[in-house]
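Count residues from 1 along the sequence. Counting starts at 1 for both ligands and their atoms, following the listed order.
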Amino acid sequence: MVNQTVSSPNQAPQPLLDISNLNVYYGESHILRNVDLSVGPGKMVCLIGRNGVGKTTLLKTVLGLLSPRTGNIALEGHSILHKTPDQRARLGIGYVPQGREIIPSLTVQENLMLGLEARPQGRKKSSAIPDQVFQLFPVLASMLRRMGGDLSGGQQQQLAIARALVGNPRLLVLDEPTEGIQPSIILEIEAAVRRIVESTGVSVLLVEQHLHFVRQADWYYAMQKGGIVASGSTDELSNDVIQSFLAV
Ligand SMILES: Nc1ncnc2c1ncn2[C@@H]1O[C@H](COP(=O)(O)OP(=O)(O)OP(=O)(O)O)[C@@H](O)[C@H]1O
Ligand SMILES: [Mg+2]
């Protein structure tokens, strides 16, 4: 008799995030079609695809900003479909939205403090911003009193990632963190994200178009017209294949 709780050495670890058969609509427009995707513990997974295929829609559904018509989203084996975005944040899902969305009229420090709200115990019991954030993004340490809106685009992106990290996530969800950012800062952000995965064991789900960054991931999924059309190890992903999924 097979007992499902018995683990064998060959069994893959339970995914941290497991998305199955997801169908999402905007009104009557069918956007996501039967999407299956999973992110293992400590893994970095990249979702690629052309503009408008549904990448942000998928991330927003994971965050709870959109509700699927069918399908499931599980975190460590438990469905989170009926959790609000706040509850999902406290369960350990950190989000860096496309376009960054830091608060321009708050200082860098105040923006970082907002990240504390996502911790399970909220802000009260943990009012310090962890040093690790400044080790990853040293530029922020020298700008704590500057207004968020006065930072460069690249600095704002670093602030947005740092704010998500302050919440102590288990899964960090990043939507095109290098969009509109100059190449030298892209490399810094890329290195920081890889370092986060390696040093903290956080899992990452990333939407990205920049080829060098895509290659930092362990695994990729390619989306076309709202469906996953290919997936595999990024070691097997040639530039030609990446381009064929990204080129307009
Ligand atoms: N609020 C909305 N209402 C109706 N349709 C929407 C809405 N937001 C997005 N869409 C449509 O859903 C589809 C998927 O959009 P989505 O933003 O998920 O694409 P994307 O893959 O993230 O694109 P990009 O690479 O440009 O960020 C697009 O056709 C878009 O026009
Ligand atoms: Mg998008």
Does the shortest distance from the Mg ion (ligand 2) to an N/O/S atom of N51 fall below 2.8 Å? no
Has T57 got an N/O/S atom less than 2.8 Å from the Mg ion (ligand 2)? no
Do [X] and [Y] come within less than 4.5 Å of each other through their side chains, counting heavy atoms only?
{"X": "W219", "Y": "L37", "result": "no"}
{"X": "Y220", "Y": "L47", "result": "no"}
{"X": "N21", "Y": "N72", "result": "no"}

Between the main-chain N or O of [Y] and the side-chain N or O of [X], is there a donor-acceptor pair closer than 3.5 Å?
{"X": "R170", "Y": "L91", "value": "yes"}
{"X": "S20", "Y": "D36", "value": "no"}
{"X": "N111", "Y": "L106", "value": "yes"}

Which protein N or O atoms sit under 3.5 Å from any N or O of ligand 1? Give each pair with its distance.
unit_1   : atom_1 : unit_2 : atom_2 : d
ligand 1 : 8 (N)  : Y26    : OH     : 3.4
ligand 1 : 18 (O) : T56    : N      : 3.4
ligand 1 : 18 (O) : T57    : N      : 2.9
ligand 1 : 18 (O) : T57    : OG1    : 2.5
ligand 1 : 19 (O) : G54    : N      : 3.4
ligand 1 : 21 (O) : V53    : N      : 3.3
ligand 1 : 21 (O) : G54    : N      : 3.0
ligand 1 : 21 (O) : K55    : N      : 2.9
ligand 1 : 21 (O) : K55    : NZ     : 2.8
ligand 1 : 22 (O) : T56    : N      : 2.9
ligand 1 : 22 (O) : T56    : OG1    : 2.8
ligand 1 : 23 (O) : G52    : N      : 2.8
ligand 1 : 25 (O) : N51    : ND2    : 2.9
ligand 1 : 25 (O) : K55    : NZ     : 2.7
ligand 1 : 25 (O) : E176   : OE2    : 3.3
ligand 1 : 26 (O) : N51    : ND2    : 3.0
ligand 1 : 27 (O) : Q98    : OE1    : 3.2
ligand 1 : 27 (O) : Q98    : NE2    : 3.0

Test: E188 and R194 ion pair at under 4.0 Å: no
Rounded to 10 degrees, the angle OG1 of T56 makes with OE1 of Q98 at the Mg ion (ligand 2): 80°
